Amino acid sequence: MQEAPAIDGIRITMESALTARDRVGVQDFVLLENYTSEAAFIENLRKRFKENLIYTYIGSVLVSVNPYKELEIYSKQHMERYRGVSFYEVSPHIYAIADNSYRSLRTERKDQCILISGESGAGKTEASKKILQYYAVTCPASDQVETVKDRLLQSNPVLEAFGNAKTLRNDNSSRFGKYMDVQFDYKGAPVGGHILNYLLEKSRVVHQNHGERNFHIFYQLLEGGEEDLLRRLGLDRSAQNYQYLIKGQCARVSSINDKNEWKIVRKALSVINFNDDDVEELLSIVASVLHLGNVQFASDEQGNAQVTTENQIKYLARLLSVDSTVLRESLIHKKIIAKGEELNSPLNLEQAAYARDALAKAIYGRTFSWLVSKINKSLAYKGSDMYSLGNASVLGLLDIYGFEVFQHNSFEQFCINYCNEKLQQLFIELTLKSEQEEYESEGIAWEPVQYFNNKIICDLVEEKFKGIISILDEECLRPGEATDTTFLEKLEETVKNHPHFVTHKLGDQKTRKCLGRDEFRLLHYAGEVNYSVVGFLDKNNDLLFRNLKEIMCDSGNPIAHQCFDRSELTDKKRPETAATQFKNSLSKLMEILMSKEPSYVRCIKPNDAKQAVRFDEVLIRHQVKYLGLIENVRVRRAGFAYRRKYEIFLQRYKSLCPETWPNWDGRAMDGVAVLVKSLGYKPEEYKMGRTKIFIRFPKTLFATEDALEVRKQGIATFLQARWRGYHQRQKFLHMKHSAILIQSWWRGTVGRRKAAKRKWAVDVIRRLIKGFIYRNQPRCPENEYFLDYLRYSFLMNLHRNMPKSVLDKSWPVPPPSLQEASELLREMCMKNMVWKYCRRISPEWKQQVNRNKNSGA
Ligand SMILES: Nc1ncnc2c1ncn2[C@@H]1O[C@H](COP(=O)(O)OP(=O)(O)OP(=O)(O)O)[C@@H](O)[C@H]1O
């Protein structure tokens, strides 16, 4: 399907612009007449989706709808089409965003970032992979750069194996947030990278909802691992034998081939610098988590837990290189240090299971962070060229969870939605800022835009002492007394008057009906979300009993040993809670993003069934709302629907005005002024900035675009006529030139009788002939015609200019007859010998031609 004859596009269909627009919509939402209407927005999205046009702009923001099928739009040819081309000259595409950021990075020397957001399954990870692939193909290459490109690409399957899982919404769902910096040297080649990871969903290690899986790596190892390896790890192939893998009851997924994925991951690990030992140690940890899940307990007479699965302890001790007795005891006791004395208090069944799961989560979570840091080491810039490093520019890619609203929302959704509030705040701030800056730099009065500032919600969550996170941390400090319920009560007490906070107790009758007693509701910028406080304290504490920490610090497995640092045991400072850690890492992320120039990709999922073609309007409306897209259009439309550099505008529409067509010699700005006057733009319809024209209404632009469509037919006819005339004239000039050359040849050759001149003259004629047989078609009509012409000139010159006596003397050998001359020429043509002689124009010959010209010959 061809893109619409759009405002900026270069592709033209034979339909009228109007019909095409009706069919495929507009490629920029700011051009919608009714731009504040959600229905119009969705209708435009639907039209484009139907035509497989999954990308649409909101100004410079890219909205992408997951097609759930492979589209032929990601080939190398497509990449080339977007390379170095002005953003608006080609149809919307993820490559256009990638290229635009890259060019800004190169030309403006300003660090860039691309923020990709959207709900689970909307296509964020795919988008970020496509951007990386684009850079891998289009950026300059060298041996070292190729290694970096490879590592950047290969880090993906590894991170996906350890950080992605099958969920109900997405078979390959990233269960962590990811920010990746790519460093480019002064030549624009990628020379290094760095990854930051956010909030891995560790709870998945020990529990999965029905229809979901644990992290991919477990299944990949069981399916793909070599017999020998599995034996060493004490594993068998069946996922059904592992408690941590059976909770979701869907170990096998039709869309996932774990065996193949295993091979990919193994290869990727070697690309990113893992040697055999590293791999063995890493997989020992993966296996130990599975064994840990199979550790079972039984209660003794006193109600204390006892380990009943000795075999698992044996494997665990071997894989983690720890003492089996200490491990067994650590799993069923809790070490307390009171007044300098150590007490080992026995755990009951429930507590032992909790301790076991906490250990599994801690091992897996920390190993994931270790993995990221190991990848970072392999991605780090290695060159010795300090000049390159000093001049490195950075392009960041943020692939982070979108707003989440489920039936049941817990601590994880609270953190994720808080993160989205922060990103929205940044987005609004930066978009408004860049809009304002553009207006100011263009000398156009800035009309302030009314928008909802969500700072109030961010403050509600993060403010010191009064914010939800502070209150939660405070409750976590009171172990024993504090519970999830006391946390809720404290919240009610502290933030009861906040306009964006409500609970069952604080709400009116209507609110109470849909809000549980253990829930609080936040009125987010994108809508209301109810959070159940159950598990908040536990998840925030992220507690691992001291004796389990100790045994892990003593682990002989180098990875486990690095993950559990001894300083943790001696450090008197209370470890940061999960929410505070997340808050701090988000605040750092905001700093990073603020220091860069952002581009945005907003991903939308068309249906929950992961099906191509299906466009579920309710689901999409929900996402349009939660991504704040209408607000985005409104901010972007702040006054003007369209703005373009004068040169680009004039180039596109100059044919619509006799004064600017075919060429305008003056300043582009003046040309545009003349053009819009002749188009009849009213003063309220546009403004002239310093370098750009600003058009207020889409309809003005559409009228211009429609006029251009009509004009194009005329232009086509005109161009054809012009081309024909040009072609004829070129032919004539060529002939004339040939005549001059032949004359000069004869004069030079015959007049001076020098052998060198003669050789040079032969070169000249070969050159001449070459001009006509350059396609190696000696028998084409043009060549035949020229040969006749040449023969004719040859003889004419010969006989007209030279008396026979001179003629006889002038030739070292008798002059060729007409017959001989034509055969000589023909032979030269046929053999196509001229190629090698005709590359250069002899300077001598040039001088000769000039002399002839000056003497009027
Ligand atoms: N541009 C695309 N072309 C074809 N298929 C796509 C495209 N984008 C996404 N998909 C399909 O949708 C699936 C989900 O996409 P992806 O994993 O990128 O979503 P996500 O937004 O990163 O989700 P999560 O937040 O759960 O990680 C992919 O596995 C792929 O099958």
Side-chain angles (χ1 to χ4, degrees), residues 48-49 52-56 62-75 78-79 82 91-98 114-134 156-157 159-180 197-201 204 208-209 211-213 215-216 253-258 260-261 264 397-406 412-413 415-417 419-420 423 600-616 619-620 622-623 626-627:
R48 296 180 66 75
F49 182 69
N52 284 335
L53 299 170
I54 60 167
Y55 297 119
T56 313
L62 182 75
V63 178
S64 157
V65 186
N66 184 349
Y68 277 122
K69 63 179 174 187
E70 293 309 320
L71 297 177
E72 299 286 312
I73 55 170
Y74 302 111
S75 64
H78 277 89
M79 291 183 185
Y82 284 86
S91 27
H93 202 292
I94 189 81
Y95 294 158
I97 295 281
I114 302 177
L115 281 71
I116 309 169
S117 52
E119 74 168 51
S120 180
K124 302 182 290 293
T125 310
E126 290 297 319
S128 71
K129 283 196 245 175
K130 301 231 147 50
I131 293 172
L132 275 184
Q133 278 157 5
Y134 181 80
N156 260 326
L159 283 178
E160 285 189 11
F162 284 83
N164 287 26
K166 187 231 180 261
T167 65
L168 289 176
R169 302 165 148 234
N170 183 0
D171 291 352
N172 183 30
S173 181
S174 314
R175 307 316 299 158
F176 66 105
K178 181 169 125 191
Y179 173 78
M180 180 190 244
N197 57 307
Y198 297 94
L199 199 75
L200 178 76
E201 190 195 35
R204 181 168 297 273
Q208 309 90 44
N209 293 328
E212 302 202 344
R213 294 208 313 181
F215 294 99
H216 293 324
V253 183
S254 60
S255 64
I256 300 176
N257 185 335
D258 290 311
N260 272 357
E261 294 297 323
I264 294 170
L397 274 177
L398 181 72
D399 166 9
I400 208 153
Y401 11 65
F403 227 88
E404 283 192 356
V405 192
F406 302 138
E412 288 83 1
Q413 281 69 49
C415 290
I416 287 171
N417 293 345
C419 166
N420 276 274
L423 287 172
Y600 296 90
V601 180
R602 312 293 231 170
C603 300
I604 291 182
K605 182 175 161 174
N607 59 72
D608 270 334
K610 304 165 196 162
Q611 279 176 4
V613 184
R614 244 175 88 176
F615 189 89
D616 181 339
L619 184 78
I620 288 172
H622 185 263
Q623 293 169 76
Y626 278 63
L627 285 168

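Keep in mind it's a predicted model, so treat the numbers as computed, not measured. Counting starts at 1 for both ligands and their atoms, following the listed order.
- Here the heavy atom of the protein found nearest to atom 17 (O) of ligand 1 is Asn170 ND2, 3.1 Å.
- At least one heavy atom of Ala122 sits less than 4.0 Å from an atom of ligand 1.
- Put simply, part of Glu119 is less than 4.0 Å from ligand 1, judged by heavy atoms.
- Short contacts between ligand 1 and Pro67, defined as distances under 4.0 Å to a heavy atom of the residue, involve ligand atoms 1 (N), 2 (C), 3 (N), 4 (C), 7 (C).
- By heavy-atom distance, the residue among Ser255, Ser173, Ala165, Ser117 lying nearest atom 26 (O) of ligand 1 is Ser173.
- Taking atom 30 (C) of ligand 1 as the reference point, the nearest protein heavy-atom neighbour is Glu126 CG, 4.1 Å.
- Atoms of ligand 1 found under 4.0 Å from any heavy atom of Tyr68 (numbered from 1 in listed order, with element): 12 (O).
- Ranking protein heavy atoms by distance to atom 4 (C) of ligand 1, first place goes to Lys69 O, 3.1 Å.
- Look at Cys603 and you'll find every heavy atom at least 4.0 Å from all atoms of ligand 1.
- At a threshold of 4.0 Å, the pair Glu404-Arg169 does not count as salt-bridged, since none of the basic side-chain nitrogens sits closer than that to a carboxylate oxygen.
- Each of the atoms 17 (O) of ligand 1 lies under 4.0 Å from some heavy atom of Asn172.
- Between Ile54, Asn66, Val65, it is Asn66 that holds the heavy atom closest to atom 12 (O) of ligand 1.
- The protein reaches atom 15 (O) of ligand 1 closely, with a heavy atom under 4.0 angstrom from it.
- Residue contacts with ligand 1: Gly121 is placed with a nitrogen or oxygen under 3.5 Å of a nitrogen or oxygen of the ligand (distance criterion only).
- In this structure, the protein non-hydrogen atom closest to atom 25 (O) of ligand 1 is Lys124 NZ, 2.7 Å.
- Note: an N/O pair closer than 3.5 Å links Ser174 and ligand 1 by distance alone.
- Per-residue contacts place Tyr74 under 4.0 angstrom from the following atoms of ligand 1 (heavy atoms of the residue considered): 1 (N).
- Of the heavy atoms in Thr125, both backbone and side-chain atoms come closer than 4.0 Å to ligand 1.
- For the pairing with His216, the side chain to side chain donor-acceptor pair (under 3.5 Å) check across Asn172, Asn164, Asp171 returns one residue only, Asn172.
- The shortest N or O to N or O distance between Ala127 and ligand 1 is not below 3.5 Å.
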